[in-house]
Amino acid sequence: MSDSSYLVPVYVAYAVVTVSLTVWLARTLFKNGAVFLEDVFKDAPKMAEAVNRLLVIGFYLLNLGYAALLMKAERGDSVLQAVEVLAWKLGALLMSLGVMHFVNLYVFYRIRRRARVAILPPPVAPQMRAPSYVGPAVAHA
Amino acid sequence: MRELTVLYDEGCAMCVRCRDWLALQRSFLPMRFVACGSAEARTRYSGIPWVGEELVVASDEGDVWAGPAAFLVCLWALEDWREWSYTLSGSAFSPLAERFFQALSSRRRALAAFLVPDPCASGTCSAPASHAPKMAFR
């Protein structure tokens with residue numbers, strides 16, 4: 001058998017695991033991210049859906065692209081080596097998927113927090129009530 | 001609340017710089033800056049006892065904050081600093097924040113002179129007023 005006889009099965013296994021994992025993760029993200037985004041874009045449900053889809057597309061592109069870059073293996077002389085190569089690659093991929101996932105969660109959290117902070121009243125009570133001071137910059141109806 | 005008016009001390013270079021900084025930040029609601037020695041401050045805001053002594057912030061609805069509270073309301077108006085205004089007004093930090101702003105405010109002329117020597121020799125300060133138009137983030 002030639003030097004890299006086990007590489008092809010490694011590649012096939014890697015591709016199958018990678019693609020199915022990415023699809024599963026993206027679907028999970030899509031379903032659960034929708035809850036966050038509906039809360040943020042209460043008045044524009046279509047907007048929430050669009051943002052969600054765009055985020056998922058970015059997730060797919062990044063993950064599959066990275067997985068493809070990671071695929072090339074140097075050696076696969078024996079079954080043992082092939083398994084090791086596969087495990088190493090899947091480990092690296094899973095770790096980076098994990099990082100991506102937390103980054104995604106953080107993005108959702110930031111979006112939501114920004115929307116919630118925008119409606120908070122001043123943190124301190126006024127020291128005085130006076131007749132309203134309407135500046136010239138504000139056109140009153 | 002739709003607008004905040006900030007009455008600042010135009011005789012203190014540090015305050016003028018702070019005003020410029022505030023004007024460049026992204027804010028949740030429009031902020032108007034009125035020098036406390038101006039005619040507008042002396043007429044429209046004459047009913048507020050702290051004008052000239054302390055930083056004063058007035059909302060278009062007639063709420064007035066002065067001193068440390070006014071600093072916090074300025075922070076509250078800014079998109080990037082609203083959470084800080086809550087942190088600083090919480091029970092853990094409010095005594096510290098109050099003393100800090102009080103100290104800053106009561107020594108503002110001395111501090112300004114220390115930081116920017118002699119910018120106010122002729123009564124009006126020549127701190128670099130930013131003429132750049134404010135960026136509109138929408």
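The backbone N or O of B/G62 lies less than 3.5 Å from no partner atom in the side chain of A/R129, so there is not a single donor-acceptor pair. At distances below 3.5 Å, at least one donor-acceptor pair connects side-chain atoms of B/W76 with backbone N or O atoms of A/P121. Formation of a donor-acceptor pair under 3.5 Å by the B/W65 side chain with backbone atoms of A/P122 is not found in this model.
Note: the hydrophobic cluster containing B/L4 also contains A/L120 (ILVMFWY, side chain heavy atoms under 4.5 Å, direct or indirect links). Hydrophobic clustering (side-chain heavy atoms under 4.5 Å, transitive across Ile, Leu, Val, Met, Phe, Trp, Tyr) groups A/V19 together with A/V56. The hydrophobic cluster containing B/L78 also contains B/F100, counting ILVMFWY residues as joined when their side-chain heavy atoms lie under 4.5 angstrom apart, directly or transitively. No single ILVMFWY cluster, assembled from side-chain heavy atoms under 4.5 Å apart, contains both A/I119 and B/W81. A/V85 and A/M71 end up in the same hydrophobic cluster when Ile, Leu, Val, Met, Phe, Trp and Tyr side chains are linked at under 4.5 Å.
For the atom pair CZ of A/R113 and CD of B/E83, the computed distance is 4.0 Å after rounding to the nearest 0.5 Å. If you take CD on A/Q127 and CD on B/E54, they are separated by 9.0 Å, rounding to the nearest 0.5 Å. Interatomic distance, CE of A/M128 versus CD1 of B/I48, reported as 5.5 Å (0.5 Å rounding).
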Let's go through A/V117 and B/F28 carefully: what are the C-alpha distance in whole Å and the side-chain angles of both, what is the deciding distance for side-chain contact (heavy atoms from CB on, under 4.5 Å) to 0.1 Å, and is it a yes or a no?
CA-CA 10 Å; A/V117 159; B/F28 281 111; 4.1 Å; yes
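Summarising the geometry of A/V124 relative to B/A69, their closest heavy-atom pair is CG2-O, 3.7 Å, with the distance given to 0.1 Å.
Within 6.0 Å of atom CH2 in B/W50, more than 12 heavy atoms from other residues, nucleotides or ligands are found, so the atom counts as buried in its surroundings. Annotation for A/W88: atom CH2 does not count as buried by contact number, only 12 or fewer foreign heavy atoms lying within 6.0 Å.
Contacts between B/L29 and chain A at a heavy-atom distance below 4.5 Å are absent for every atom of the residue.
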